[in-house]
Structures are given as C-alpha cells and as structure tokens.
Amino acid sequence: MTFNKWTIGSVHLANPLVLAPMAGVTDPAFRQLVKGFGCALVYTEMISDKGLIFANAKTRELLKGPQSERPRAVQLFGSSAESLAEAAQIVEETGEADIIDINFGCPTPKIVKNGSGAALLRDPSQPAKILQKVKDSVSLPVTAKIRLGWDEDRSEEIALRLADAGAAAIAVHGRTREQFYSGRADWEPIARICAKVDVPVIGNGDVRTPQDAKRMLSETGCQGVMVGRAFLGNPWLAREILTYLESGEELPPSAIDERIAFARRHLQLVVEQRGERQGIREMRKHLGWYFRGLPSGARMRERINKLETLAEVENLLSEYQKNFV
Ligand SMILES: Cc1cc2nc3c(=O)[nH]c(=O)nc-3n(C[C@H](O)[C@H](O)[C@H](O)COP(=O)(O)O)c2cc1C
C-alpha cells in the first residue's frame, strides 16, 4: 500500500508524517536524520523575523539545510504583520524554503512577553490578519502553527479565520498556552477543525508511538501528523510510524547498538556542520536523550556533559558498547 499524497499549496508530500519545529533541536543534522527515516516534511527551528531583517548572520544560518531534506518549512516568529511579511520576503529570496510557517504557539515567557508566539492567540482574529499580510507578500505557501488558544479553546474560530485568510495548512497543537506542556493534548478540537476547514490540517500533541499516529489520523481526520518530543533520541520512530501506517507491521524498537549507531551518525553530521568544539557542545543534550531509559543512562548523561572532543565521545560510546551490547 502507498500513502495518499497530500499537498500544501503546490508542495507534494509523500506521506502524512511531519517533524515538528523545535528550537535548539531541529537543526539540519537532526532534520536530516529524521528525514532519512522517511518523514515527509521537516520544519526549521523558529526563526526571528527581526533577526532576518537586521541581517543577523547567526539567524540567517538557521535558514540553511541540505537539499536532501526538502521540502522544508521555514518557521518564523514575530509580533507584527509588517515585519513578519518583510522577513518572509527575505526567506523567499534565499530560495531555502518550500513553505513559510508562522509560529502562533510558542508559550515561553521570553517570546510571549514580546507579543510573539502564543501571545498572538489572545485575539482570535490576529493570526488571520498576520497570515493574510504575509501571504500577500510572498508566492510560497504560507502556513500557521497554533495552539488551541491562550487560556481557553478558541481554536475553531482561529482556524476558520486562518483558512479564510488563505493559510495553505494549519498545524494544531492540542493544548492552550496556559497548559504549556502539562496534561494531555486534546485532539477533539483538532477533529472539529478538520470537519470545518477545507485546507490541510496537521494534528499535533502527544503522538509518541506508531499507534498514536494512526489514532491521530483516524480520530481527527487530519492529513498530517506532526511529532516532536518523541523523536528526541529516537529518530528511528519515523520508520516505525510509517511502516505501521502502511502495513500495520510493528517494527521492534531500536536495539541498544542501533541507538548508538544513530547517535554516532548524528554526531558525525553535527561535527561536519558545526565543527568539533561547537558540535560536541550541541550534541551533549542529544546524546543524553539517546541514553534515556538505557542501563546506566543517568551516569552516562553526567559523563557526556563533561566531554569536549570527538575522540572522548567516541571512546565513551565504545566503552558503553563493550559493557552493555
Ligand atoms: C524543545 C522544544 C522546542 C520547541 N520549539 C518550537 C518552535 O521553535 N516552534 C514551534 O512552533 N513549536 C515548538 N515546540 C513545540 C513542538 O513543535 C510541538 O508543538 C510540541 O512539542 C507538541 O508536540 P509533541 O507532543 O509531539 O512534542 C517546541 C517543543 C519542544 C519540546
């Protein structure tokens, strides 16, 4: 069986699986890994509109990635329609994006206090106004990623307005801003939105297993299923989900030596892209996730946080393999 193709604007997607944008996580190396296991669409980390406009070199760096990971959605955050539209034009000119996504969901105080992210959900008409302006400024498809609302569920109204304004797709995380990441994501509003809007909806929140992904698709009627935290230290989950959705086959979870092989591949990509010193620093948190739930995982995390060179990391991984595999 093959997947039903779906599209966001003119972008064709081979299957429903989408890698969620995660700041500090979904850099090119991580995206490449998850893409390598079949994920149809990847998002960059959220990128500041102001950073792009003021030509901040570090911010511009966030736009880039390998050709092999495309189609790539570039996610922008900001508080005003004008500057988001200007940033979107910059993104379009670089040719680095297939889709431009706007962040209407980030709950962190640093972002919402500037009126960005989930702060834009306080007034349910605001996301649509912003999206309209951005859409009128570029020819790439423009999508929105929302939460259910600020402190109560207003998602249906927000999504209907976004669809009217010409959103090419809407990703919905089934929590309010006030919930942050607590409790369980509510998928019911996602189902309601799917029944009401005629643009693709991407369901998000607490998809951790292949069975969850299947339920998200069947219970809500969404076209895309977006996975974030469950991929941390486990890019292999993409293959497990896609195999299960396609054939119902449950692949065994990755064994310890496979996990270490993924960590090694990840390490190699990060060091290639960032250099040894910076790469190892960035890899520490990922390595911690790879060892989550494994024997002596906590002890490994402590040791990993002190490592500085590639040789030290390689030695520690080999030592672990000798002891536990
Ligand atoms: C470390 C981390 C960083 C995140 N950064 C972003 C971001 O940059 N943009 C965004 O829209 N959502 C961001 N999110 C939210 C995720 O995209 C996703 O909506 C959320 O984690 C729920 O999905 P999950 O249950 O599959 O993790 C982030 C989440 C985490 C855990």
Side-chain angles (χ1 to χ4, degrees), residues 16-28 30-31 34 39 41-49 51-52 59 62-63 65 72-79 84 87 99-112 114 116-121 127 130-131 142-149 155 158 162 167 169-177 179-187 189-190 201-217 220 222 224-235 237-238 240-241 282 284-286 288-289 292:
L17 189 58
V18 177
L19 167 64
M22 286 184 282
V25 176
T26 53
D27 62 4
F30 190 74
R31 298 196 303 258
V34 177
C39 191
L41 176 64
V42 298
Y43 283 58
T44 62
E45 307 171 62
M46 61 178 184
I47 301 177
S48 154
D49 58 351
L52 288 176
T59 310
L62 292 173
L63 290 177
R72 172 192 315 134
V74 167
Q75 192 191 58
L76 299 175
F77 74 94
S79 59
L84 279 162
I99 292 167
I100 294 179
D101 183 67
I102 308 173
N103 181 321
F104 296 111
C106 183
T108 60
K110 203 174 98 190
I111 298 295
V112 297
N114 292 323
S116 305
L120 295 163
L121 302 176
I130 292 178
L131 186 125
V142 181
T143 60
K145 181 163 177 282
I146 64 170
R147 282 183 174 240
L148 299 182
S155 58
I158 296 167
L162 280 166
I170 306 170
V172 185
H173 176 191
R175 286 187 176 84
T176 62
R177 188 272 173 176
Q179 287 176 294
F180 268 78
Y181 291 92
S182 67
R184 274 189 59 185
D186 187 359
W187 295 356
I190 304 176
V201 172
I202 302 170
N204 172 236
D206 297 349
V207 173
R208 297 197 184 92
T209 64
Q211 289 77 4
D212 290 341
K214 185 159 187 185
R215 270 198 314 111
M216 173 65 94
L217 290 165
T220 70
C222 62
V225 52
M226 177 184 270
V227 178
R229 289 166 295 173
F231 280 140
L232 303 179
N234 192 16
L237 176 65
E240 285 181 74
I241 289 176
E282 289 178 18
R284 286 181 187 152
K285 60 177 182 279
H286 288 284
W289 289 322
R292 198 168 44 184

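Counting starts at 1 for both ligands and their atoms, following the listed order. Computed from a predicted structure; not experimentally measured.
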Between the main-chain N or O of Val42 and the side-chain N or O of Arg72, is there a donor-acceptor pair closer than 3.5 Å?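 Checking the backbone N and O of Val42 against the side chain of Arg72, no donor-acceptor pair under 3.5 Å is found.
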
Looking only at heavy atoms, which two atoms of Asp206 and Asp212 are closest? And how far apart?
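Closest heavy-atom pair between Asp206 and Asp212: O-OD2, 3.5 Å.
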
Tightest non-hydrogen contact, residues Met216 and Cys222, listed as O-SG, 3.7 Å

Practice task
Dump the intermediate steps for side chain to side chain contact (heavy atoms under 4.5 Å, CB included) on Trp187 and Val207, then the final yes or no.
Solution key: CA-CA 10 Å; Trp187 295 356; Val207 173; 4.0 Å; yes

Practice prompt. Give the C-alpha distance, both sets of side-chain angles, the deciding distance and a yes or no for side chain to side chain contact (heavy atoms under 4.5 Å, CB included) between Thr143 and Lys145.
Written response: CA-CA 7 Å; Thr143 60; Lys145 181 163 177 282; over 6 Å; no

Tabulated below should be the N or O atoms of ligand 1 paired with protein N or O atoms at under 3.5 Å; can you produce that?
from     : atom 1 : to     : atom 2 : distance (Å)
ligand 1 : 5 (N)  : Ala23  : N      : 2.8
ligand 1 : 8 (O)  : Ala23  : N      : 3.3
ligand 1 : 8 (O)  : Met46  : N      : 3.3
ligand 1 : 9 (N)  : Gln75  : OE1    : 2.8
ligand 1 : 9 (N)  : Asn103 : ND2    : 3.2
ligand 1 : 11 (O) : Gln75  : OE1    : 3.4
ligand 1 : 11 (O) : Gln75  : NE2    : 2.8
ligand 1 : 11 (O) : Asn103 : ND2    : 3.4
ligand 1 : 11 (O) : Lys145 : NZ     : 3.0
ligand 1 : 12 (N) : Pro21  : O      : 3.4
ligand 1 : 12 (N) : Lys145 : NZ     : 3.1
ligand 1 : 14 (N) : Pro21  : O      : 3.4
ligand 1 : 17 (O) : Pro21  : O      : 2.8
ligand 1 : 17 (O) : Lys145 : NZ     : 3.1
ligand 1 : 19 (O) : Lys145 : NZ     : 2.8
ligand 1 : 19 (O) : Asn204 : OD1    : 2.6
ligand 1 : 23 (O) : Asn204 : ND2    : 2.9
ligand 1 : 25 (O) : Asp206 : N      : 2.7
ligand 1 : 25 (O) : Arg229 : NH2    : 2.7
ligand 1 : 26 (O) : Gly228 : N      : 2.8
ligand 1 : 27 (O) : Arg229 : N      : 2.8
ligand 1 : 27 (O) : Arg229 : NE     : 2.7

Partner of Asn204 under side chain to side chain contact (heavy atoms under 4.5 Å, CB included), picked from Arg147, Arg175, His173, is His173

